[in-house]
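Structure first, commentary second.
Everything quoted here is computed from the prediction, not taken from an experiment.
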Amino acid sequence: MPREAETHADIPFGPEDTPWQKTFSSLQVAGGRPYGTPPSCDPRTAYIGVPEVPHHKVQLPPTGLDAEQYRDAEALFRRHIDTQTRNFAGYQVTSDLDYEQRLGHYLNRHLNNVGDPYQSSSYTLNSKVLERAVLDYFASLWHAKWPHNPQDPESYWGYVLTMGASEGNLYGLWNARDYLSGKPLRSDHREPGRATTGQAPHGAGPHAFHPVAFFSEDTHYSLTKAVRALDIDTFHALGSTRYPHDNPLAPGCPWPREVPSTDDGAIDVAQLAVLVRFFASRGYPVLVSLNYGSTFKGAYDDVEAVARTVRGICAEYGLDNRRVHRGEDGGHDERSGFWLHVDGALGAGYVPYLEMARDAGLVEQAPPAFDFRLRDLHSLTMSGHKWMGTPWACGVFMTRTGLQMAPPRASEYIGAADTTFAGSRNGFSSLLMWDHLARHSYDDQARLAAECDGLAAYAHQQLLALQEELGQDLWVARSPQSLTVRFRMPHADIVRRYSLSGETVHAGGTARTYVHLYAMRHLSKQRVDELIGELRQPGAFAPETPTGTTAGGAQARPPAEPVAGAAAP
């Protein structure tokens, strides 16, 4: 062992702070030298610390942990997670979970839904029979034609995601890119792997198969990753490089990076129309990704208004219905020159029940339609861990069968076409989602939706009352029918205790750093009141400067001890 490594081997490691080289049994030491590489520095100082779970207590020496060490380490982590779960208020994730007793048996089984959900597989340890039931449920909920029929282009096709809606966004944009680029549809029945690009419609310009993406400034960051990974040009990238002086929203100014949003966080349909017209008039196919329950403000884009607007503009320039010719057999496909995708991570799983609650007189309003009632909707995704609640990320992607692209190659090994994104897919998620939907009727879900809508309104009212009481502008706001309420970022201790998500908004030359809370079903009025009580304490908020920013940011003078009844971390 080199001398430097010998020095590093003396670094304390593991629950007992034993020097690294002494954490080996005699069986694991050959010639007096332990197998593997010693740490280059003390890992306890290299990482961000979690005060409740000291890093050395959970380090994994080559000997593993003995029974007592394991018990102590797991107890520390359990207490930390249980405390944070109890106070969890800042993200659109449901923590009211109850799967352990019914489904714990399956944790010792490997469920892998590799390949298409509607095809059997030689990998028989799968939950596809439950996956299909879950997909049919959402097809009905989202007004799609069901059940799936591979011979009916109007029937739905979808699958349960291993990731959350971010995977659904990636897959939806991938499908959109290839569809708008003229690549073969799955219904062509051509041999996988021979995905040649179609021939442009007669009279089409040079940009006929060059899609351009549009999404708003309130869109989840996964869209930016997706267009980069898929090499899809955004209107900003294309405009800045090919038309640098032609920004139609502000001639002579730089192109905006995203489509502007309204103050509530919904996409500005009028400004989107100006941008779409600029590129449609030059023959570019149009790819629009919309939000239905945006990440921070919880805003709902008006999908119906956007669909009507985009179709109208595309019709003016022959992009509403195109005949894409196949070079090999002389045939052709009829397809549109635009694609509308909806990221409904939270909203697609919640709003249908809010609509039911509205129709039953439990609430007054619900957001506009977003689903397959709209003929011009092409794809839709939802996260299962948000409204329903699961122990890990999962979700649903859905489109129409006739819009599916041909898979890149055959997959004889698994005995089913791999039409999904992930390859191996977590079969446990389908089981969890099936379990939840089996135990909660439409009536149950509508009542829960109404209760959460009421809780969001209550939190909004309480924060407005606190703002008036303190005589300090806390920037309190709630977008229409949103489950989230945003307000000025308080002291860092409060942010951490309640897991409050933050975002800095720049407007009018000022920067405002907000946090928000989400009225998910695990949150209670008592917990909201406890948070309000902590926000009421002196020093909970830093003073506002004349520029509109907060002096000292979230690091203002610490607040007083938590109010009675508030759980300490």
Side-chain angles (χ1 to χ4, degrees), residues 92 138-144 156 165 168-169 172 214-220 223 258-273 276 286-314 338-383 386-387 396 398-400 442 445-446 449-450 452-454 456-457 460 477-485 519:
Q92 48 184 301
F138 281 105
S140 175
L141 193 71
W142 294 335
H143 301 90
Y156 87 93
N169 290 334
F214 303 81
F215 48 88
S216 83
E217 59 191 7
D218 280 84
T219 296
H220 191 261
L223 261 293
E258 297 96 10
V259 180
S261 299
T262 65
D263 291 341
D264 285 330
I267 196 167
D268 189 314
V269 180
Q271 297 197 65
L272 171 67
V276 166
V286 172
L287 196 176
V288 181
S289 181
L290 299 171
N291 303 312
Y292 206 69
S294 63
T295 306
F296 195 79
K297 297 178 182 177
Y300 303 99
D301 288 345
D302 191 337
V303 182
E304 186 171 10
V306 170
R308 184 171 57 249
T309 299
V310 170
R311 168 170 280 282
I313 293 171
C314 288
F338 64 93
W339 185 286
L340 297 184
H341 171 76
V342 170
D343 176 2
L346 172 63
Y350 162 68
V351 169
Y353 306 119
L354 191 66
E355 283 192 48
M356 297 176 198
R358 178 200 61 195
D359 295 343
L362 300 177
V363 298
E364 293 183 0
Q365 292 181 308
F370 69 96
D371 55 24
F372 291 97
R373 285 172 286 188
L374 307 177
R375 184 65 188 87
D376 290 323
L377 176 72
H378 293 80
S379 57
L380 170 63
T381 191
M382 178 212 72
S383 291
K386 290 187 165 59
W387 173 250
V396 169
M398 193 166 288
T399 185
R400 292 185 176 88
Y442 276 6
Q445 300 270 31
C452 289
D453 179 71
H460 186 216
R478 180 192 179 203
S479 298
Q481 291 91 54
S482 174
L483 286 179
T484 183
V485 184

**Prompt:** Below 4.5 Å, heavy atoms only, C-beta onward: do F138 and D371 meet side chain to side chain?
**Reply:** no
**Prompt:** Atom CG of D218 and atom CG of L290: how far apart are they, to the nearest 0.5 Å?
**Reply:** 12.5 Å
**Prompt:** What heavy-atom pair brings V303 and A369 nearest, and what distance separates the two atoms?
**Reply:** CB-O, 3.8 Å
**Message:** Just to verify, what does W142 make a side chain to side chain donor-acceptor pair (under 3.5 Å) with, not counting sequence neighbours?
**Reply:** none
**Request:** Go through the side-chain N and O atoms of S289 and H341 and say whether any donor and acceptor fall under 3.5 Å apart.
**Result:** no
**Asked** Just wondering, do W387 and M382 contact through their side chains at under 4.5 Å, heavy atoms?
**Response** no
**Message:** What verdict does the side chain to side chain contact (heavy atoms under 4.5 Å, CB included) test give for Y350 and K386, after you've listed the backbone C-alpha separation in whole Å, the side-chain angles of each residue and the deciding distance to 0.1 Å?
**Reply:** CA-CA 9 Å; Y350 162 68; K386 290 187 165 59; over 6 Å; no
**Item:** L354 and P367, any side-chain heavy atoms less than 4.5 Å apart
**Value:** yes
**Message:** Between T381 and N169, does the side chain to side chain contact (heavy atoms under 4.5 Å, CB included) criterion hold? Intermediate values first, please.
**Reply:** CA-CA 7 Å; T381 191; N169 290 334; 3.4 Å; yes
**Rounded distance (nearest 0.5 Å) linking atom CD of Q365 with atom CG of D453** = 9.5 Å
**Item:** Flag side-chain contact, heavy atom, 4.5 Å: F338 against H378
**Value:** yes
**Fill in**
Rounding to 0.5 Å, atoms OG1 (T295) and CG (D343) come to a distance of 6.5 Å
**Prompt:** Quick one: salt bridge (Lys or Arg N to Asp or Glu O under 4.0 Å) pairs with a partner in residues 347-361, sequence neighbours left out?
**Reply:** E355-R358, E355-R373
**P352 and F370, any side-chain heavy atoms less than 4.5 Å apart** = yes
**Complete:** Only residue of V286, V310, V306 satisfying side-chain contact (heavy atoms from CB on, under 4.5 Å) with F214 is V286
**Asked** Rounded to the nearest 0.5 Å, how far does CG of L380 lie from OH of Y156?
**Response** 13.0 Å
**Asked** Looking at CG of L377 and CH2 of W339, how far apart are the two atoms once the value is rounded to the nearest 0.5 Å?
**Response** 9.5 Å
**Side chain proximity check, Y353 to L141, heavy atoms < 4.5 angstrom** = yes
**Message:** Return the CG to OG distance between N291 and S261, rounded to the nearest 0.5 Å.
**Reply:** 7.5 Å
